[in-house]
Amino acid sequence: MTDQEKILSNDYYDIIADYTLPERFRGTLKDFVYQPVSGETGVVYANSREVIPLSVSDFTYQVIPKLYGLMQQGEVFDPTPLIRSGITAVQGGSLNLTGRGVIIGFLDTGIRYDEEVFRNPDGSTRILGIWDQNIQTGTPPKGILYGAEYKREAINLALQSENPREIVPSYDENGHGSAIASVAAGSRLGNGLTFLGAAPDADIVVVKLKEAKQYLRELYLVPDDVPAYAESDVLVAVKYLESYAVSLLKPLVICFGLGTNMGDHNGHSILAGYLNQIATRRSRVVMVCGGNEGNSAHHYEGTAIDGLSETIDNVEIRVDGDTKGFTAELWGSVPAKHAISIRTPGGEVTPRVDFRDQSSREFSFVFERSRVQVDHILVEQGSGEELIFFRFIDPTPGIWTIQVTISENASGSSFHIWLPLTDFLQSDTYFLRPYPFGTLTEPSNAREVITITTYNDENGSFWAESGRGYTRMGRMKPDICAPGVNIDTILGNRTGSSMAVAIASGAAAQFLQWAVIEVNQPRVESREVKNYLIRGAYRAPGESYPNREWGDYDIIVSSQQETSKIKVFRRFSPNIFLLQKQ
């Protein structure tokens, strides 16, 4: 079996590693492949027969890839969101900020490269490269062991052919990636009346992610027909985008339109760490959507009562009849400890389990066919916090109750439970007493990325489905709120935080053109871009900032202003003041 075949095989586990390899595994594994990502971070593809059975408590939680889903719900072109975001105002005139010289990188469902919106006026492609992780008949990118890469020359040849896909077979069947790319970087068609992206002259680099392996779907109980992407493949995709920008010495905006409810919701995953690392490099901006989970009732928060040695909280989950299984993650905070028992809809109650170490339990019931598997980690490696991981298998419809007991002198301490993404559940399963805040999806809680939430530019209201802050430990997120409701794409109107992050990514490319390409601030990085946005933001009267919905600022555009000494222009999502000497 070749290395490529092992990487793709369901018989080989993807293990995310943040330590030196392959030396660490040489003593225990004989059959594995190692894909470096950055520094000590990489992915091991290990023969499942040589490792212990997969479980959260037996493996380190961080090394098991999380699954990410698409952040979208879902013909005359309407440029209103771009106008109201201040983007079109600076595309023309003396500023002429169109993303020229900047790369926008997308990791998603691919791109329909033959669409006019991704071409130059002469019909040639604006796409510098496509790495399709699914196709194994072509040549992988340098430093990557799988997939096939198609560069600009091959794409142009395909566009001149009667059968383009015979030359470049990569295609976006889903359409999500193409829609995002068109919003962020679509070409100006019909002088901007037919279509216009936020950064119509930016260069485009694309990764078409392969779908997650079956064993990960089974672990997380994700249906087979739902798009789901493994964290391991996302890590390598980010490596490809960064490497491409380095090879061309160009600024890079990474547009991240995926999300997950898995993780500590405080930005401590290996992927979050890698995105932080890139975001703090010069001429780099990492834009991440905050997800569509704000109104899904998939987050619960419980708090210990002051003065009591123990607090008991009954967490009720309404499970739909179509639910074949789902996971849940409980994250606690030091110094509290958490014991649990489970009550079925039929009234059976498990004994209280007071976890003292890392362990696994499975509960079955006399009158139910359901099973509940529970993994416990007292000190999870990435966050240092307590994690209890639940797998509800064939759950009986009705009200399930997780009784959580908080102890260890933990007055005021809180715990959080997250259910999976709405698409991963595919059923009406939710908490009866949900908490709508703390619903930003990962990796948008990472410290250095710019986190985008969503508003409706037609009426200026916050979109109810959009994820809301703060992080689990109370750090301020989100950062920016951008239009994301009924956004025009080349595939029709789309709604979701992935549309908002696309608009914001195009705006970031405009900024990098001004800062780096035009040498106004050539050493800028994500943190500085974020703070430029904050300083130039409009804040609605009566609102307190920062807040859990809008972040540090709203996106409501006011008119361009000029003074005799400096020129001040507002743009982005939200507005930004940039100063230019006269």
Side-chain angles (χ1 to χ4, degrees), residues 68 70-72 99 102-120 124-135 138-144 146-159 164-165 167-187 197-211 227 229 233-248 250-258 278 285-289 489-491 494 498-499 501-502 505-506 508-509:
Y68 287 78
L70 305 177
M71 294 294 103
Q72 173 185 286
V102 179
I103 294 173
I104 304 182
F106 303 92
L107 55 158
D108 213 279
T109 62
I111 192 166
R112 298 182 182 180
Y113 63 85
D114 55 349
E115 293 281 354
E116 185 182 6
V117 79
F118 302 125
R119 301 198 200 189
N120 293 305
S124 62
T125 187
R126 291 177 46 224
I127 302 169
L128 300 181
I130 301 171
W131 174 38
D132 194 319
Q133 295 183 345
N134 302 271
I135 299 173
T139 303
K142 182 179 179 180
I144 295 176
Y146 66 106
E149 182 182 32
Y150 304 96
K151 295 190 175 181
R152 177 166 49 188
E153 296 76 13
I155 299 170
N156 279 329
L157 281 175
L159 292 175
R165 292 179 65 181
I167 299 172
V168 178
S170 180
Y171 186 75
D172 178 13
E173 294 85 358
N174 180 287
H176 186 268
S178 299
I180 288 178
S182 70
V183 171
S187 298
D201 291 330
D203 295 321
I204 300 169
V205 179
V206 175
V207 179
K208 180 178 178 179
L209 296 167
K210 70 180 181 69
E211 295 241 5
Y229 306 95
D233 292 316
V234 173
L235 273 166
V236 188
V238 174
K239 168 190 170 72
Y240 173 77
L241 298 176
E242 168 65 4
S243 299
Y244 215 111
V246 168
S247 70
L248 297 178
K250 286 194 172 189
L252 171 68
V253 178
I254 292 178
C255 178
F256 199 108
L258 309 175
I278 291 176
V285 176
V286 180
M287 291 281 187
V288 180
C289 68
T489 80
I490 57 164
L491 302 177
R494 302 287 178 101
S498 60
M499 297 297 105
V501 79
S505 295

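We number each residue from 1, following the sequence as shown. Quantities reported herein were computed from a predicted structural model and do not represent experimental measurements.
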Could you list the residues that satisfy side chain to side chain donor-acceptor pair (under 3.5 Å) with [X], not counting sequence neighbours?
X: R126; result: S187
X: Y113; result: none
X: S170; result: D132

Quick one: are [X] and [Y] in side-chain contact, heavy atoms under 4.5 Å?
X: L258; Y: M71; value: no
X: L70; Y: D108; value: yes
X: L248; Y: D203; value: no
X: S178; Y: E115; value: no

Cut-off 3.5 Å, side chains only: do N156 and T125 have a donor facing an acceptor?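 The answer is no; no qualifying pair exists.
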
Qualifying residues under salt bridge (Lys or Arg N to Asp or Glu O under 4.0 Å), relative to E242, sequence neighbours excluded: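 Listed in chain order: R281, R284.
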
With F118 via ring pair (Phe, Tyr, Trp, His ring centres under 6.0 Å) - residues at least two apart: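 Result, ring pair (Phe, Tyr, Trp, His ring centres under 6.0 Å) vs F118: none returned.
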
Under the ring pair (Phe, Tyr, Trp, His ring centres under 6.0 Å) test, which residues partner Y171, sequence neighbours left out?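 By the ring pair (Phe, Tyr, Trp, His ring centres under 6.0 Å) rule, Y171 matches no residue at all.
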
Would a distance-only check, ignoring hydrogens and angles, find a side-chain to backbone donor-acceptor pair under 3.5 Å from S243 to K239?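 Judged by distance alone, yes, a pair lies under 3.5 Å.
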
Would you name the heavy atoms of [X] and [Y] that are closest together and state the gap between them?
X: V168; Y: A154; result: CG2-O, 3.6 Å
X: A237; Y: Q133; result: CB-NE2, 3.9 Å
X: A199; Y: A509; result: CB-CB, 3.9 Å
X: A502; Y: A184; result: O-CB, 3.2 Å
X: G177; Y: D172; result: N-OD2, 3.5 Å
X: I104; Y: C255; result: CG2-CB, 4.3 Å

Considering the options Y244, Y146, Y150, F106, which one meets the ring-ring contact (aromatic ring centres under 6.0 Å, His included) requirement together with W131?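 When Y244, Y146, Y150, F106 are each tested with W131, the ring-ring contact (aromatic ring centres under 6.0 Å, His included) holds only for Y146.
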
What is the distance from atom [atom1] of [X] to atom [atom2] of [Y], rounded to the nearest 0.5 Å?
X: K208; Y: D233; atom1: NZ; atom2: CG; answer: 13.0 Å
X: I167; Y: L159; atom1: CD1; atom2: CG; answer: 9.0 Å
X: S498; Y: I180; atom1: OG; atom2: CD1; answer: 4.0 Å
X: E173; Y: R112; atom1: CD; atom2: CZ; answer: 8.0 Å
X: T109; Y: L209; atom1: OG1; atom2: CG; answer: 8.5 Å
X: I144; Y: T139; atom1: CD1; atom2: OG1; answer: 13.0 Å

Checking R165 against D114 for the side-chain contact (heavy atoms from CB on, under 4.5 Å) test, could you report, in this order, the C-alpha distance in whole Å, the side-chain angles of both residues, the deciding distance, and whether it holds? CA-CA 9 Å; R165 292 179 65 181; D114 55 349; over 6 Å; no

I would like to know whether M287 and F256 meet side-chain contact (heavy atoms from CB on, under 4.5 Å); could you show each step before the answer? CA-CA 6 Å; M287 291 281 187; F256 199 108; over 6 Å; no

How far apart are the C-alpha atoms of I278 and L241, what are their side-chain angles, what is the distance that settles it, and do they pass the side-chain contact (heavy atoms from CB on, under 4.5 Å) test? CA-CA 11 Å; I278 291 176; L241 298 176; over 6 Å; no

Between V501 and V288, does a side-chain contact (heavy atoms from CB on, under 4.5 Å) hold up when you go through it step by step? CA-CA 6 Å; V501 79; V288 180; 5.6 Å; no

So among I111, L491, V117, which one has a side-chain contact (heavy atoms from CB on, under 4.5 Å) with S182?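 The single option meeting the side-chain contact (heavy atoms from CB on, under 4.5 Å) with S182 is V117.
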
